[in-house]
Amino acid sequence: MSGAQGPVVRPYGDTTGDGMVQVSFTLPVPHDKRAEGAAVQLANRMGMDPALLVHAKQMGDGFTFFVVYGRVNHLVDLSAVQVVERDFPLLSAKEVNAVVKRRLRRKLSVVGACIGTDAHTVGIDAILNVKGIAGEKGLEYYRELSVTNLGAQVSVPELVEAARAARADAVLVSQVVTQRDAHLHNTREMSAAFREAMPVGRRPLLIVGGPRFDESQAAELGVDRIFGRGTTPGEVASFLVHALVTGRKVGAA
Ligand code: B12
């Protein structure tokens, strides 16, 4: 990337542009003076100078949690920041229903699940269940969508079978646990299984979501779209209509 082009920002804590940030981490040591020194040294090595220890608390045997506040010199050129922007129009539930009814002339079938050992269903329920989230109703509320929510800890073969049985237009998978990159491994396994089980053209749209995904990794993971923190059902419904009805199916082949 060439030199700075756009607005350049630096963090601030007390006064604009002072570069102050706060980080937290855990070290595998009991809480004592040496542990606190180690935390400050780590912060220094991360580029914080000065690094001020503002909180330290032992968490069970042999682990200490730290919060460190300090100055960094790094700048961010906003024009060089790359993000996945929403590239489809946001529709109301009424508009989604109208488009599906008029153009698809049947209900759009959606199958959702948490796969692998992941039992964090709150996120997928927020998207699918009528109760929804952030003042929006979930996809079950949409008259022209048929929703099958398989719940927690669904195996990939079970998901493929359920998608086949429901003639799914889209499969929505949630992955919240990221320990040992489980979310990435599970997503790759899922997309490979659909590629193996169904020919192009018959394969449902594959969507994953969860708070710790990098939304730019869709192609790499073999899915059509990734939704991250704070996703609302309306965004997902609008994307479904865009990808399956009004636009061409997007993403990985
Ligand atoms: C509630 C909770 C639980 C509940 C889950 C209950 C349930 N039925 O879901 C219980 C107590 C069971 C639980 C258990 C565990 N948990 Co827990 N849990 C949480 C907690 C506190 C909140 C998660 C949540 O509900 N968020 C609210 C929802 C609405 O947000 P969301 O999931 O991000 O969903 C939104 C978006 O991401 C997106 N989205 C999500 N999925 C999808 C899918 C699609 C298709 C789309 C479009 C969008 C989308 O849309 C949603 C709405 O905006 C988090 C910490 C936290 N504050 O986040 C830890 C957390 C996720 N849990 C954690 C852990 C470690 C565990 C356990 C392993 C603990 C243990 N040792 O037993 C177990 C694992 C159980 C299992 N087998 O999965 C860790 C994960 C760490 C990591 N690196 O992976 C966290 C981060 C806590 C922590 N800081 O350590 N947990």
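None of the values given here were measured: they were computed from a predicted structure. In listed order, ligands and their atoms are each counted from 1. Along the sequence shown, the residues carry numbers beginning at 1. Reckoned from all heavy atoms, side chains included, excluding hydrogens, waters and symmetry mates.
- At least one protein heavy atom sits closer than 4.0 Å to atom 44 (C) of ligand 1.
- Ring-centre distance between H55 and F66: not below the 6.0 Å cut-off.
- Ranking protein heavy atoms by distance to atom 82 (C) of ligand 1, first place goes to T178 OG1, 3.4 Å.
- Under the 4.0 angstrom criterion, atom 87 (C) of ligand 1 counts as lacking any protein heavy-atom contact.
- Checking D125 against N149 by side-chain atom types alone, a donor-acceptor pair falls below 3.5 Å.
- Under the 4.0 Å distance rule, the nearest protein heavy atom to atom 56 (C) of ligand 1 falls outside the cut-off.
- Some N or O of S174 is nearer than 3.5 Å to an N or O of ligand 1, by distance alone.
- The protein non-hydrogen atom at the shortest distance from atom 53 (O) of ligand 1 is T231 O, 2.7 Å.
- Atom 90 (O) of ligand 1 is never approached by the protein to below 4.0 angstrom, counting heavy atoms only.
- Of all the atoms in ligand 1, the ones that sit under 4.0 Å from a non-hydrogen atom of D118 are 78 (O).
- Side-chain atoms of D118 come within 3.5 Å of backbone N or O of V177 as a donor-acceptor pair.
- Within the listing of ligand 1, atoms 53 (O) sit less than 4.0 angstrom from a heavy atom of G230.
- Atom 15 (C) of ligand 1 is approached by the protein to below 4.0 angstrom, counting heavy atoms only.
- Nearest protein heavy-atom contact of atom 46 (C) of ligand 1 is G209 CA, 3.8 Å.
- For atom 39 (N) of ligand 1, the nearest protein heavy atom (residue, atom name, distance) is G210 N, 3.7 Å.
- Between A119 and ligand 1, a contact under 3.5 Å exists for at least one N or O pair.
- Remark: atom 67 (C) of ligand 1 lies closer than 4.0 Å to no protein heavy atom.
- For ligand 1 and L172, the ligand atoms under 4.0 Å from any heavy atom of the residue are 45 (C).
- No part of T232 comes within 4.0 Å of ligand 1, judged by heavy-atom distances.
- Side chain to side chain, E235 and S238 fail the donor-acceptor criterion of an N or O pair below 3.5 Å.
- Counting protein heavy atoms only, atom 81 (C) of ligand 1 is closest to R212 NH1, 4.0 Å.
- In the vicinity of Q153, heavy-atom distances shorter than 4.0 Å reach the ligand 1 atoms 77 (N).
- When each atom of ligand 1 is checked for a heavy atom of V236 under 4.0 Å away, the hits are 47 (C).
- Protein heavy atom closest to atom 31 (P) of ligand 1, with residue, atom name and distance, is G123 CA, 4.1 Å.
- Ion pairing between D181 and R212 fails under the 4.0 Å rule for side-chain N and carboxylate O.
- Atom CZ of R229 sits in a sparse spot, with 12 or fewer heavy atoms from other residues, nucleotides or ligands closer than 6.0 Å.
- T121 N, 2.7 Å is the protein heavy atom nearest to atom 9 (O) of ligand 1.
- Between D169 and K107 there is no salt bridge, since none of the side-chain N atoms of the basic residue sits less than 4.0 Å from a carboxylate O of the acidic one.
- Here the side chain of Q175 pairs a donor or acceptor atom with the backbone of I115 at under 3.5 angstrom.
- Distance check on atom 70 (C) of ligand 1: every protein heavy atom falls at or beyond the 4.0 Å cut-off.
- E220 meets the side chain to side chain donor-acceptor pair (under 3.5 Å) test with Q217; sequence neighbours excluded.
- Protein nitrogen, oxygen and sulfur atoms, that is N, O or S, within less than 2.8 Å of atom 17 (Co) of ligand 1 amount to 1.
- Annotation: I207 places no N or O atom under 3.5 Å from an N or O atom of ligand 1; distance criterion only.
- Between V68 and M48 the shortest side-chain heavy-atom distance falls below 4.5 Å.
- In this structure, atom 11 (C) of ligand 1 is not in close contact with the protein, since no protein heavy atom lies within 4.0 Å of it.
- Remark: ligand 1 atoms within the under-4.0 Å shell around heavy atoms of P211 are 33 (O), 37 (O).
- With no hydrogens or angles considered, no side-chain donor-acceptor pair links Q153 and T117 at under 3.5 Å.
- Side-chain contact annotation: E36 with H31, donor-acceptor N/O pair under 3.5 Å present.
- Y69 OH: more than 12 foreign heavy atoms inside a 6.0 Å radius.
- Given atom 24 (C) of ligand 1, the protein heavy atom at minimum distance is V122 CB, 4.2 Å.
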